[in-house]
Amino acid sequence: IEQDRDHIFKLLRSRQAFFDNVTHELKTPLTTIQGFAQLIQDNGTQDPELLETGLTHILNESARLHTMVLQLLEMSDQKLNYQLQPLDLTPLLTSVVEAMELKANRYQSHLRLTCPEHLMVRGQRDRLRQLVINLIDNAIKYGKAHETIDIAAGRRAKEKGGPAVPYLSVQNGGEGMTPEQMEHI
């Protein structure tokens, strides 16, 4: 009975630590969003640089918050269905590129999509959309101003003589990632 009690208390402490960490992680971007929104409301219209900086931070932090909420939702549903469905990746890529072009323009960049008319893959539409958004968003944020960010998709042979597999490439002119950063991907 004592072992069971100790185990239950340990689980409760672990659960509390998890919620403490989650609330801290959610509070940080919310604080940034509220702070910049207040600054913009107070005097952002008279200060174009503050307005641009504030909106950039609000957009970045709200995107980060969105990602965290999605991760929490995934964690909460242990029965999440990971079935892959056939889907045409071309309209998904076109839609995301069109939506992200506005952000690219704010960074004085441009997006260029190259892909076949129909690129059939198996996957989860929402997860693939989020992946493409994250890749393009990072290419915009960490790229250089006045550059074209190339997004390419298609099929290529995996091995000599092997079946063609789909690929997606997002390329900017940024510095790239360090070997240490690559280890975390």
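We count residues from 1, following the sequence as given.
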Roughly how far apart are [X] [atom1] and [Y] [atom2], rounded to 0.5 Å?
| X | Y | atom1 | atom2 | result |
| --- | --- | --- | --- | --- |
| I136 | I149 | CD1 | CD1 | 8.5 Å |
| T56 | R106 | OG1 | CZ | 6.5 Å |
| L87 | R125 | CG | CZ | 5.0 Å |
| Q34 | I58 | CD | CD1 | 10.5 Å |
| R155 | L89 | CZ | CG | 9.5 Å |
| L65 | I33 | CG | CD1 | 5.0 Å |

Report task. Start with the C-alpha gap between D47 and I40, add the side-chain angles, then the distance that decides, and say whether side-chain contact (heavy atoms from CB on, under 4.5 Å) holds. Result -> CA-CA 9 Å; D47 186 348; I40 290 169; over 6 Å; no

Report task. Evaluate the side-chain contact (heavy atoms from CB on, under 4.5 Å) criterion for residues V132 and L92: first the C-alpha distance (whole Å), next the side-chain angles of each, then the deciding distance (0.1 Å), finally the verdict. Result -> CA-CA 9 Å; V132 174; L92 184 145; 4.3 Å; yes

Could you pull out the closest heavy-atom pair between [X] and [Y], with the gap in Å?
| X | Y | answer |
| --- | --- | --- |
| K144 | S109 | O-OG, 3.3 Å |
| R112 | D150 | NE-OD1, 2.5 Å |
| A139 | N172 | O-ND2, 2.9 Å |
| L59 | S62 | O-OG, 3.0 Å |
| L93 | A153 | CD1-CB, 3.5 Å |
| Q181 | T178 | OE1-N, 2.8 Å |

N/O donor-acceptor pair under 3.5 Å between [X] side chain and [Y] backbone:
| X | Y | result |
| --- | --- | --- |
| N105 | Q108 | no |
| Q85 | Q124 | no |
| Q130 | R127 | no |
| T90 | P116 | yes |

Requested in this report: Sequence neighbours left out, what pairs pass ring-ring contact (aromatic ring centres under 6.0 Å, His included) with at least one residue falling in residues 45-71?
Outcome: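 Qualifying pairs, neighbours excluded: F36-H57.
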
Query raised in the report: Side-chain contact, heavy-atom cut-off 4.5 Å: D88 with V121?
Result: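 SC-SC contact between D88 and V121 ruled out.
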
Query raised in the report: Counting only heavy atoms not in Y142, do more than 12 fall under 6.0 Å of its OH?
Result: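 No, not enclosed.
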
Tabulate below the donor-acceptor pairs under 3.5 Å that side-chain atoms of residues 95-102 make, not counting sequence neighbours, or state none.
{"unit_1": "S95", "atom_1": "OG", "unit_2": "R129", "atom_2": "NH1", "d": "3.4"}
{"unit_1": "E101", "atom_1": "OE1", "unit_2": "L111", "atom_2": "N", "d": "3.1"}
{"unit_1": "E101", "atom_1": "OE2", "unit_2": "H110", "atom_2": "ND1", "d": "3.0"}

Query raised in the report: Any side-chain donor paired with an acceptor under 3.5 Å for Q38 and D42?
Result: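 There is such a pair between these side chains.
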
Query raised in the report: Going only through I, L, V, M, F, W and Y residues with side-chain contacts under 4.5 Å, is there a path from L135 to Y167?
Result: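 No; tracing contacts between hydrophobic side chains, which count when under 4.5 Å, never links both residues.
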
Query - Shared hydrophobic cluster, L131 / I140 (ILVMFWY, side-chain heavy atoms < 4.5 Å) - result: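 Yes, it is one cluster - the side chains of L131 and I140 are joined through contacts under 4.5 Å.
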
Report task. Apply the test side-chain contact (heavy atoms from CB on, under 4.5 Å) to residues L51 and Q46: give CA-CA distance (whole Å), side-chain angles for both, the deciding distance (0.1 Å), then the verdict. Result -> CA-CA 8 Å; L51 181 63; Q46 286 81 33; over 6 Å; no

Query - R64 with E61: basic N within carboxylate O range, under 4.0 Å - result: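 E61 and R64: salt-bridged.
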
Query - Sequence-distant partners of K141, side-chain contact (heavy atoms from CB on, under 4.5 Å), two or more places apart - result: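 Checked K141 against side-chain contact (heavy atoms from CB on, under 4.5 Å); matches are N60, K103, Y107, D137, N138.
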
